[in-house]
Amino acid sequence: MNFLLFAGASAAAAAACSVVRDGQKDLGEEEGSFHGPYRLTDDIEIQATPGHTLSCVTVLVAKSNLDERPVAIAGDLFERRQDIEDERLWLEAGSEDPRAQRIHRARIASLAGWIIPGHGGPFRVDASVREKLNKQQDQAGPSTEGDVI
């Protein structure tokens, strides 16, 4: 799992993810919910990206030496780069809400220059990746009452 890439990182991000997941009131949200984004620092933002699990979050790092766009530490929102071409890879890995996951995959790709997935290496997000994910999002259909998105 790619969280091992950040073994020396501050525990603040992990603690914030836990706070986000628990929906604590100090985030200014209703109890039990988090819709974010939650700004951890000037350069780090946590966004709710339910899909793989309903409590999934993505960490966006604004400044990096990789790109002008943020780097998204996306966890299992993306299993690996290959799941953009073959949706079965992330669907078979498990998704509590495939529709929401499709929507958040496209949304995060629209923001990020690079994605660090839950498994596999980081990958660059280019126009073709964004186009494929937007098409998959369009296949998700319209929102309905009770959606987690």
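Keep in mind the model is a prediction, meaning the values are calculated, not measured.
With no hydrogens or angles considered, a side-chain donor-acceptor pair links Ser128 and Asp126 at under 3.5 Å.
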Give the intermediate values and the outcome of side chain to side chain contact (heavy atoms under 4.5 Å, CB included) for residues Leu77 and Gln101.
CA-CA 7 Å; Leu77 182 66; Gln101 192 164 350; 3.9 Å; yes
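Between Pro50 and Ala48, the shortest heavy-atom contact is CD-C, 3.5 Å. Heavy-atom minimum distance, Pro122 versus Pro117: CA-CD, 4.0 Å.
Once rounded to the nearest 0.5 Å, the distance linking OG1 of Thr58 with CD1 of Ile116 reads 11.0 Å. Once rounded to the nearest 0.5 Å, the distance linking CD of Glu79 with CG of Leu89 reads 8.0 Å. Interatomic distance, Ile73 CD1 to Ile108 CD1, rounded to the nearest 0.5 Å: 11.5 Å. With rounding to the nearest 0.5 angstrom, the CD1 atom of Ile46 is 10.5 Å from the CZ atom of Arg39. With rounding to the nearest 0.5 angstrom, the CD1 atom of Ile103 is 11.0 Å from the CG atom of Asn134. Considering CG of Asp138 and CG of Leu133, their distance stands at 11.0 Å, rounded to 0.5 Å.
Under a hydrophobic clustering in which Ile, Leu, Val, Met, Phe, Trp and Tyr are joined whenever their side-chain heavy atoms come within less than 4.5 Å, directly or via other members, Val125 and Phe78 fall into the same cluster. No continuous path of ILVMFWY side-chain contacts below 4.5 Å connects Trp114 to Ile84, so the two sit in separate hydrophobic clusters. No single ILVMFWY cluster, assembled from side-chain heavy atoms under 4.5 Å apart, contains both Leu111 and Val57.
Applying the salt bridge (charged side-chain N to carboxylate O under 4.0 Å, His left out) rule to Glu85 yields the partners Arg81, Lys132; only residues at least two apart in sequence or on another chain are considered. Partners of Glu92 according to the side chain to side chain contact (heavy atoms under 4.5 Å, CB included) rule, which considers only residues two or more places apart in sequence or in another chain, are Arg88. With sequence neighbours excluded, the residues forming a side chain to side chain contact (heavy atoms under 4.5 Å, CB included) with Ser64 are Leu66, Val71, listed by chain and number. Residues satisfying the side chain to side chain contact (heavy atoms under 4.5 Å, CB included) criterion with Ala112, sequence neighbours excluded, are Ala72, Ile115.
Proximity of a side-chain donor or acceptor of Arg130 to a complementary backbone N or O of Ala109 within less than 3.5 Å is detected.
Applying the salt bridge (Lys or Arg N to Asp or Glu O under 4.0 Å) test to residues at least two apart or on different chains, the pairs with a partner in residues 102-123 are Asp83-Arg105, Glu87-Arg102. The salt bridge (Lys or Arg N to Asp or Glu O under 4.0 Å) contacts involving residues 114-125 comprise Asp67-Arg124, where partners must be two or more places apart or lie in separate chains.
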